[in-house]
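In what follows, a structure is listed as structure tokens, so that the remarks can point back to it.
Labels below follow one simple rule: chain letters A, B, ... track the order of the sequence lines, proteins then strands, and each chain is numbered from 1. As the structure is a computational prediction, the values presented were derived from the model and not from experiment.
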Amino acid sequence: MSGSRPRYYLTTPIYYVNDVPHIGHAYTTLACDALARFMRLDGHDVRFLTGTDEHGQKVANSARAAGMDPQAFTDRVSQNFRDLTDAWNFSNDDFIRTTEARHIRSCQAIWRKLVAAGEIYLGSYAGWYAVRDEAFYGENELQDGPDGKKIAPSGAEVEWVEEPSYFFKLSAWQDRLLAFYQANPDFILPESRRNEVISFVKGGLRDLSVSRTTFKWGVPVPDDPDHIMYVWLDALTNYITAVGYPETERESFKRYWPADLHMVGKDILRFHAVYWPAFLMGAGIDPPHRVYAHGWWTNEGEKISKSLGNVIDPLELAAKYGLDQVRYFLLREVPFGNDGDFSHRAMVGRMTNDLANDFGNLAQRSLSMIAKNCGGRLPGPGAPSDADRALLDAAGDLLARLRGEYRVQAFNRALEATWEVIGAANRYIDEQAPWTLRKTDPARMGAVLYTVAEVVRRLAILSQPVMPGSMGRMLDQLGVPDDARDFAALAVPLAPGTTLPQPQGVFPRYVEPEAGADRGPAGPAPGRSTSH
RNA sequence: GGCGGGGUAGCUCAGCUGGUUAGAGCAGUGGAAUCAUAAUCCACGUGUCGGGGGUUCGAGUCCCUCUCCCGCUACCA
């Protein structure tokens, strides 16, 4: 049954557990969730993966600081991300953790493949290392200290160290990667990011250190227990682990790989667009179809950072404005791919204008008239007039339009297109003036109200990917059964005569808290300490 | 420094391969309507399209130059 449906496999990055979930995590997963829901409603066999990245020295250190063993520690912090998944109504089909047995097995398998292919060799990694920062620095980042020592930007003293390390022969992949980008122009989106990646690769590639010996919290390198696999090879491999690697003959692997989309933040584009396809091709595995690098959010125009103390908590955000309102805002406010600014003013503007006034009120005004003037039963359409047909056609054409936009992750444009139809429906009501028809031509009034209800039905079905909860409630009020809410059901109009429940507003306006009771992530900052 | 992308109405931005009076949303002003969450609908912009020069019958849209902003320029994830 699922065999005949087109498949769609998409992933979020796995989130590093040494951090609590913030708006950036929520945003990435939200974009995937909307896309996953759209594809499911459109008849695709969707596989939507998210998860947590749990290895690395920082995690080991944090665990030690918390007096826990690393596994117990990651068990706990990984849960924060699962909680976000529930709180934001994300519909992922799987949640992978890099500490799971399936993943460790998968990493070691791809490692062996790369070794067998001659893509990995043992060398030594040398560089300026700051013990205090537990990090390497480039020569150009260093400054001369007082006694001839080199000093890192952080002020820490660095020393020249060498450690044995396995390397991936990335340097050999320059031409093949460039050819791959050329042959697959949509592999990296947005286009500006693609240019950056190509420019980077054209500048030449160096071999990549892919193992470490200085700490132990990672996937052991096969046949060399002194080494663990280093971050990116470990982390990126999750995308194939989750569909069954190394069992490449397994149904799930054959069905879902190569992935249709890796959604990532712009900060980790290179790893996904350069290293990952090279790793995969080196191991004889097809690279994914697309990597999309989205932008970042600022808070009230300010860069978000822990030190500024203006980190936005996704749970607080949803509690303050409503989950679907926030989901809508994030996907509507900026052209997807660009950076965006989260401001209270803009959020409330979208809530009020787009959701409460345009869409919510459209449903409410039409459903109220049906409740009051049609005995709470859906009237019949009658013979459609030109105006009826024009509006129904606009709503009917919307699916094709949205497919085009979702296909390229243009969520904002998809929503703009949806709101064009909402605007047309509001104009239609004003022009048809059913409140006048009530006295002069009740049958025509019924036809008008039916037409609006049918258009609202289509709008609600098509808006489910972004606002699943609210649209579910709107469809409830239209008497649409649960099994008639996918895109195939768009072609089956509302049944006249259906008894409808009492209408209730779906999108309340934002009410400012009483003065003095103000709180929340986007509120004015309390006095900031000036101590330094 | 190198490569790339930008500077268009108060704000956020559309404007593809050059061609009718440069557009949208928000904000603002006026009006209509009153079904609806005081929501909706209609009307209203004298914008040096960053500055200057050039190509062209014609440039926001091409070329040169100046200026300002942003991104990338590898092993913290």
Residue L170(A), side-chain atoms from C-beta onward, closest of G71(B), C35(B), A74(B): A74(B)

Options U37(B), C75(B), C41(B), nucleotide nearest the side-chain atoms of F507(A): U37(B)

Sugar-phosphate only, base, or nothing, as touched by S368(A) at under 4.0 Å among non-hydrogen atoms: sugar-phosphate

Listed nucleotide nearest any side-chain atom of N361(A), set C72(B), C35(B), A39(B): A39(B)

Touch class at under 4.0 angstrom, heavy-atom based, for G203(A) against every strand present: nothing

Sugar-phosphate, base or nothing in reach of Y16(A), heavy atoms under 4.0 Å: sugar-phosphate

Minimum-distance nucleotide (side-chain atoms of N353(A) versus A39(B), C76(B), C26(B)): C26(B)

Options A36(B), C41(B), U40(B), nucleotide nearest the side-chain atoms of R427(A): C41(B)

Sugar-phosphate only, base, or nothing, as touched by D19(A) at under 4.0 Å among non-hydrogen atoms: nothing

Per D358(A) side chain, nearest of listed nucleotides U40(B), A27(B), C75(B): U40(B)

Ring-ring centroid check H344(A) Y510(A), cutoff 6.0 Å: yes

Candidates C75(B), C35(B), C72(B) - which lies nearest the side chain of W435(A): C35(B)

Option passing side-chain contact (heavy atoms from CB on, under 4.5 Å) with S211(A) (candidates F167(A), Y125(A), Y166(A), F168(A)): Y166(A)

Per N426(A) side chain, nearest of listed nucleotides U40(B), A27(B), U37(B): U40(B)

From C3(B), U40(B), U37(B), nucleotide with atom closest to S199(A) side chain: C3(B)

Side-chain donor/acceptor of N357(A) to base of A39(B), under 3.5 Å: no

Option passing salt bridge (charged side-chain N to carboxylate O under 4.0 Å, His left out) with E420(A) (candidates R413(A), R401(A), R427(A)): R401(A)

Sugar-phosphate, base or nothing in reach of K372(A), heavy atoms under 4.0 Å: sugar-phosphate

Test item: side-chain donor near acceptor, D53(A) and Y15(A), under 3.5 Å: no

Residue F200(A), side-chain heavy atoms: nucleotide from A74(B), U37(B), C42(B) that is nearest: A74(B)

Ion pair check, K169(A) and E119(A), cut-off under 4.0 Å: no

